[in-house]
Amino acid sequence: MASFQTPIGMRSSTMLETSCGYLLKELQMIWDEVGEDQFDREKVLLDLEQECLEVYRKKVDGANVSRSRLHQELAEAEAEFTHLLLSLGERSLPGRPEKMTGTLKEQLDSITPALREMRLRKEERMKQFRDVQGQILKISAEIVNENDDSTPIVIVNENDLSLKKLEEYQNELQRLHSEKNERLQRVEKYIDTVHKLSATLGIDASTIITKIHPSLDEPFGRSKNISDSILEKLKRTVESLKEEKQQRLEKLHNLGKALTNLWDLMDSPYGDRRLFSHVIRLLSVSSPEISDPGSLALYIIEQAEAEVKRLDQLKASMMKELFIKKQKELEDICNKSHMEIPSRLEMEKIINLINSGEIDHVNLLTSMDEQISRAKEEASSRKTIMEKVEKWMLACDEERWLEEYSMDQSRYSVSRGAHKNLRRAERARITVNKIPALVELLLAKTKSWEAERSKVFLYDEVPLLAMLEEYNALRQEKEEEKMRLREKKKFQTQVAIEPESFYGSRPSTSSRRLSNASINGGYSNAITLNRRLSLGIQQLGSNSTNSANVGTSFMKEGKTSPEQHTPLRHNLVSQIRDETASVVSTFSGPISP
């Protein structure tokens, strides 16, 4: 009962005065008099509510169907009207409000005349579009040189019939009228470019232009063909002339470089060079910068080619001098870096081939240039090692001087210049002490160089590693010899002291010392070993003056085998070892401090 009374209580007072309200009130009074149960009352009221809802629902559904049909007709009319407005580019139809009011039937009756008016406007606008587009197609065909008398087929886009689009087509029509003048200007520009390029290349421009189309070479005022095909032919002709200009310039660049090289190679006089100065000036000029008439004419190229040919023939006759000049350059590089140099015998064979004409001159000079380049590169890679070798040899010279200075009995005497020798001796000792580390560094760098290049590092045709190893071996022998001398001195001193201990001390000490001559003789022989060691290093390092006749041919890039120099080093080592044995056998007493 509460669910039914709630909506009834929300109604206005006038609704309660209806027949339904009186009947409901009367029914409640009857139920109160009868004493109807509350549950039964609510059930009856719920049934009454359901029956009323069914009746209302049927009426509402019928009204909804009718309204939907009217809505659909109105929506279709508005959609067509809106589409016509959009296609014609208009916002609204004059006299028709933007927002329609009234019932659906009234709105449908009000839009029908406006829709009829928009359909008429569409037909008129399409006729305008057909006229403008037809003229555009006709003029376009004339520009592309298509002679077709048939009426062009015009397709109008019904989705865009706005005044803006119509104005675009009208502007296009005006553009086509102005394009003719633009094409005429392009044709004139192409023709002017053809004339300029032809003048630079030294050829006739009229022949080229007439070949493209006869109307192009007519005086001003005459009709010229301005179709796309003619413009394309003119464009290709200009590109072809520019390409020809670039090719001729490149050819003159190559000829100019060849002339410069040949002039420098043969020291040509200024008079010969001045005749082709215009060709040399083109070396620093690009193609767009050249505009002088006849500057790239064929006869200039032919003259330059003839001069290059003449100089080539002259160069062939001077090949011997050129080869000897490059040979001298190669030998200077090798001598400066103490590398192996080409043998004289091999060079004489090449000169004989040059004299007999059995060798290609160009390939020979190219080969010499390549060898010079390789020699420079190898000299550069040897630079660090050579600097260390020079330091090592200077240190060996200091070592020899120090040994000679140590033999001087009057080195501590007060004499003029003695203090300078003392200072030099101190510096020499510091330098000599650095020799072992320097030699080890040289060994490491030389081994790394040989591993990297897979060849032996030669110093005046003697393997540097062998020199360093021999030096280390001889230095070790010298150190061992010094140790033996010290042990022998110690032993002889002990033998001389033991009789004194047995018989008692003597006032005189002369019997406990060896004669100065004996001592100095043994020490002098030891010094001799050091001197010969240093002299041996110098001898190995000074073979550059006699190495030209014993080295292998650098032209064939042959490598000198280390075994070829074994007798030289063996003789030197044997000589030094014999001197060492001589020192051991002749030393007969200790060295007094």
Side-chain angles (χ1 to χ4, degrees), residues 89 125-250 286-298:
R125 188 69 58 80
M126 287 188 66
K127 183 183 295 184
Q128 294 176 352
F129 270 86
R130 289 192 186 95
D131 293 340
V132 174
Q133 287 183 250
Q135 294 181 43
I136 290 174
L137 292 176
K138 184 178 180 180
I139 296 175
S140 298
E142 292 176 357
I143 290 178
V144 298
N145 198 25
E146 293 181 358
N147 297 322
D148 191 358
D149 296 333
S150 62
T151 303
I153 299 176
V154 179
I155 300 175
V156 179
N157 182 12
E158 297 183 8
N159 294 325
D160 191 358
L161 299 174
S162 62
L163 291 175
K164 181 180 179 180
K165 189 67 176 179
L166 181 60
E167 184 179 359
E168 290 179 0
Y169 279 117
Q170 290 173 347
N171 293 335
E172 176 69 12
L173 185 59
Q174 293 178 0
R175 187 194 63 81
L176 290 174
H177 284 297
S178 62
E179 184 177 349
K180 181 176 181 180
N181 294 329
E182 179 187 355
R183 286 174 173 259
L184 280 172
Q185 293 177 2
R186 291 172 60 189
V187 168
E188 294 298 335
K189 184 178 179 181
Y190 279 133
I191 292 175
D192 183 62
T193 304
V194 170
H195 278 285
K196 290 181 179 179
L197 291 173
S198 300
T200 303
L201 298 175
I203 55 181
D204 184 16
S206 298
T207 305
I208 299 175
I209 294 173
T210 304
K211 186 177 181 181
I212 297 174
H213 199 275
S215 65
L216 299 178
D217 199 33
E218 296 293 332
F220 288 100
R222 299 291 298 275
S223 177
K224 289 183 172 61
N225 193 317
I226 56 173
S227 63
D228 289 337
S229 59
I230 294 299
L231 289 173
E232 183 64 25
K233 288 181 180 179
L234 286 170
K235 180 181 177 181
R236 289 199 299 266
T237 301
V238 170
E239 291 176 351
S240 176
L241 290 174
K242 288 182 178 179
E243 184 178 356
E244 177 68 18
K245 178 181 178 182
Q246 181 65 31
Q247 291 176 356
R248 291 191 184 185
L249 181 60
E250 291 178 356
S286 61
S287 179
E289 298 173 348
I290 300 176
S291 59
D292 296 337
S295 56
L296 297 179
L298 281 176

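From a predicted model like this one, the values you see are computed outputs, not experimental measurements. Heads up: numbering here begins at 1 and tracks the sequence.
Considering every non-hydrogen atom in both Ile143 and Glu179, the closest pair reads CD1-OE1, 3.8 Å. Taking each heavy atom of Ser140 and Leu176 in turn, the nearest pair found is OG-CD1, 3.6 Å. Nearest heavy atom pair, residue Ser295 against residue Asp292, reads OG-O, 2.9 Å. Nearest heavy-atom pair across Leu249 and Ser286 is CD2-C, 3.8 Å.
One distance of note links CG of Leu166 with CE of Met126; it measures 12.5 Å at 0.5 Å rounding. Between atom CD of residue Gln128 and atom CG of residue Leu161 there is a gap of 10.0 Å, rounded to the nearest 0.5 Å. Separating the CD1 atom in Ile212 from the CG atom in Leu231 is a distance of 10.5 Å, to the nearest 0.5 Å. Rounding to the nearest 0.5 angstrom, the gap separating the NZ atom in Lys245 from the CG atom in Leu201 is 7.5 Å. Annotation: the span from Ile230 atom CD1 to His213 atom NE2 amounts to 5.0 Å, rounded to 0.5 Å. Distance check: Glu188 CD to Ile226 CD1 gives 11.0 Å after rounding to the nearest 0.5 Å.
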Would you tabulate the side-chain donor-acceptor contacts of residues 190-198 under 3.5 Å, counting partners in other chains and residues two or more places apart, or write 'none'?
| from | atom 1 | to | atom 2 | distance (Å) |
| --- | --- | --- | --- | --- |
| Thr193 | OG1 | Lys189 | O | 2.9 |
| Ser198 | OG | Val194 | O | 2.7 |

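Partners of Ser229 by side chain to side chain contact (heavy atoms under 4.5 Å, CB included), not counting sequence neighbours, listed by chain and number: Ser227. Residues meeting the salt bridge (charged side-chain N to carboxylate O under 4.0 Å, His left out) test with Glu244, sequence neighbours left out: Arg248. Looking at residues two or more places apart in sequence or on another chain, you find a salt bridge (charged side-chain N to carboxylate O under 4.0 Å, His left out) between Glu168 and Lys165. In this structure, the salt bridge (charged side-chain N to carboxylate O under 4.0 Å, His left out) partners of Glu158, at least two apart in sequence or on a different chain, are Lys122. Every residue was checked against the salt bridge (charged side-chain N to carboxylate O under 4.0 Å, His left out) condition with Glu250, not counting sequence neighbours, and none meets it. Take Glu172 and apply the side-chain hydrogen bond (donor to acceptor under 3.5 Å, both in side chains) test, not counting sequence neighbours, and it matches Arg175. With sequence neighbours excluded, the residues forming a side-chain hydrogen bond (donor to acceptor under 3.5 Å, both in side chains) with Thr207 are Asp204, listed by chain and number.
Residue pairs meeting the ring pair (Phe, Tyr, Trp, His ring centres under 6.0 Å) criterion with at least one partner in residues 154-183, sequence neighbours excluded, are Phe129-Tyr169. For residues 226-245, no residue pair satisfies the ring pair (Phe, Tyr, Trp, His ring centres under 6.0 Å) rule, not counting sequence neighbours. The salt bridge (charged side-chain N to carboxylate O under 4.0 Å, His left out) pairs that include a residue from residues 233-243 are Glu232-Arg236, where partners are two or more places apart or lie in different chains. For residues 128-138, no residue pair satisfies the salt bridge (charged side-chain N to carboxylate O under 4.0 Å, His left out) rule, not counting sequence neighbours.
At least one donor-acceptor pair closer than 3.5 Å links the side chain of Gln133 to the backbone N or O of Ile155.
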